[in-house]
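Remarks on the structure that follows.
All of these numbers come straight from a predicted model, not from anything done at the bench. Ligands are counted one by one from 1 in listed order, and the atoms in each one are counted from 1 as well.
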Amino acid sequence: MAQLSDDCFAFGGPLLSVEAAEALIADRVPPVAGIEQVTLAAALGRVLARDLPAPLPLPPFANSAVDGYAFRHADLAPGAPTALRLEGRVAAGQAARPLAPRAAARIFTGAPMPHGADTVLMQEDAALTDGAVTVPAGLRPGANARPAGEDVAQGALALPAGRRLRAPEIGLAAALGCANLGVVPRIRVGVFSTGDELAAPGTPLGPAQTHDSNRFTLLALLARLPVETVDLGILPDDAAACAAALRAAAGGHDLLLTSGGVSTGEEDHVRAAIEAGGRLVFWRLAVKPGRPAALGVIGGTPVLGLPGNPVAAVVCFLHLARPLVLRLAGAAPEPLPRFTAEAGFAYRKKAGRREYVRVRLVPNGAMPVAEKFAREGAGLLTSLTESDAFVELPEDVLAVAPGDVVRVLPFAAVF
Ligand code: AMP
Ligand code: MG
């Protein structure tokens, strides 16, 4: 389990920038310990625990990149076509015999280069006459041949510790002959919702109730990360109950997430619950939709209180929970990709905080136009289902005009 000191997130001011929050997480959170062996089939999304040096070169032997004819480049006449005697044939998986001087061997893609041969002529470019192949002028030395180790040299760092294993990493590990990989144990993340107004989906709504959506959004967001998730249900708006539940859950999890109840209202009990059980460190993040958010430590376990409004919960998840999870899980930082688009809207904002505007991206030549979702409420779930991206407006920006080039964070990288 994670073991953080109570004051590990301590910082000086009341309003924390997104950048400072990310830096606090990067600096203060130690990854969980341990290593677990998994098969390649089970490795997707996991975090590599140790550097993987290549136990063999890739490709393991020099081979042909095409179907054609292999020969020694030095046998070609400079600047003129050369006829070479055709001798030998080597297909993929076969052993090649050494090449005689001024000869060419029939060769197929993936077959080993005969000893002495260094260049391959594509069969489409070959002129065949009785027992000979004519190589046109102009082929560079080494053309169409793949030297041993051209992809990865033996002993080179193939994959660094902390790398998340996606399809390409799994393919590379397989090519290197690894049937199993040592990965960081999955961290356990517990997710609570808070609020007396919440009812679980599948249960009827009372007159002043709404269905709990955040818990399911957060569990779905976590499913893309290297974690085991635990659904911890809904907490009532009651300080003692919240404090007891957080304290009880802290021991069995590496991270606790809550949503709702972190504002300054009398019915916001999460902050007090964190303070009662451990140490609260910040609770206002300079982001919209977003703040308030609370980060604290209870019994060595980080507790992140996300805002209740569904869009704010998502934005704070991306900037706090995601880096926190990656850090705890031993993964290297994975900044979300940003692209540029042309603003299709006008917008004003306050200085000193970062804002996220939900937009649809409309193709438009080289740069898409970002069309703003018509309404701005942080509670509008359809502003996420009917948008493609967030426009990210930096702290120092005060206004956006149509035609301005803006930074977008595509939902495809997030959801
Ligand atoms: P709070 O921060 O608790 O005041 O919540 C802010 C708003 O978000 C309120 O309208 C809540 O009803 C709503 N909200 C809080 N938690 C959830 C949740 N789990 N699912 C859906 N809406 C929520
Ligand atoms: Mg609430």
Side-chain angles (χ1 to χ4, degrees), residues 14-16 21 189-223 229-246 249 253 255-277 280-296 303-322 353 355-356 358 373 375-387 390 414-415:
L15 191 65
L16 194 66
V189 182
V191 181
F192 286 109
S193 289
T194 72
D196 286 343
E197 77 282 27
L198 300 180
T203 62
L205 289 179
Q209 283 198 304
T210 188
H211 285 124
D212 174 6
S213 65
N214 287 347
R215 197 156 36 105
F216 302 92
T217 310
L218 296 174
L219 288 167
L221 281 163
L222 286 166
T229 55
V230 184
D231 182 345
L232 296 172
I234 302 171
L235 293 175
D237 283 322
D238 176 89
C242 285
L246 289 178
H253 296 83
L255 171 65
L256 294 176
L257 296 184
T258 67
S259 67
V262 282
S263 215
T264 46
E266 284 155 45
E267 293 296 338
D268 293 318
H269 301 294
V270 171
R271 270 189 319 125
I274 297 175
E275 271 167 338
L280 176 84
V281 284
F282 71 76
W283 57 277
R284 287 172 75 215
L285 192 66
V287 65
K288 183 187 172 187
R291 62 165 215 168
L295 182 54
V303 182
L304 179 58
L306 298 167
N309 277 308
V311 181
V314 166
V315 168
C316 288
F317 179 94
L318 296 177
H319 292 103
L320 299 175
R322 184 179 178 278
R353 72 180 179 205
E355 294 200 15
Y356 289 90
R358 288 141 274 171
F373 189 78
R375 286 158 296 139
E376 282 173 23
L380 299 169
L381 289 156
T382 55
S383 68
L384 296 178
T385 57
E386 300 308 312
S387 297
F390 287 116
V414 166
F415 298 127

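Between G308 and N214 the shortest heavy-atom distance is O-ND2, 2.7 Å.
Of the heavy atoms in I234, none comes closer than 4.0 Å to ligand 1. Both the backbone and the side chain of S213 come within contact range of ligand 1, each with a heavy atom under 4.0 Å.
Among protein heavy atoms, the minimum distance from atom 10 (O) of ligand 1 is reached at N309 OD1, 4.3 Å. Distance from atom 19 (N) of ligand 1 to its nearest protein heavy atom, with residue and atom name: D212 OD1, 2.8 Å. Looking only at heavy atoms of the protein, atom 4 (O) of ligand 1 is closest to D268 OD1, 3.8 Å. For atom 17 (C) of ligand 1, the closest heavy atom belonging to the protein is N214 ND2, 3.2 Å. Here the heavy atom of the protein found nearest to atom 5 (O) of ligand 1 is G308 CA, 3.7 Å.
Atom-to-atom distance recorded for L381:CG and T217:OG1 is 6.5 Å, nearest 0.5 angstrom. Distance check, rounded to the nearest 0.5 Å: CZ of R353 to CG of L285 gives 11.5 Å. Taking CG of D237 as the start and CG of D196 as the end, the distance is 4.0 Å to the nearest 0.5 Å. From R284, atom CZ reaches atom OG1 of T264 across 8.5 Å, with rounding to the nearest 0.5 Å.
Heavy atoms of G195 come nearer than 4.0 angstrom to ligand 1 in no pair at all. Residue contacts with ligand 1 include G261, since one of its heavy atoms falls under 4.0 Å from the ligand.
A tilted orientation is assigned to the rings of H319 and Y356, their planes being inclined by 30° to 60°.
When each of V230, L256, L255 is checked for a side chain to side chain contact (heavy atoms under 4.5 Å, CB included) with V189, only L255 meets the rule.
Set against the non-hydrogen atoms of S193, the atoms of ligand 1 under 4.0 Å away are 19 (N).
Where the criterion is an N or O separation shorter than 3.5 Å, residue side chain and backbone included, E197 meets it with respect to ligand 1.
Checking side-chain atoms of T258 against main-chain N and O of F192 turns up no donor-acceptor pair under 3.5 Å.
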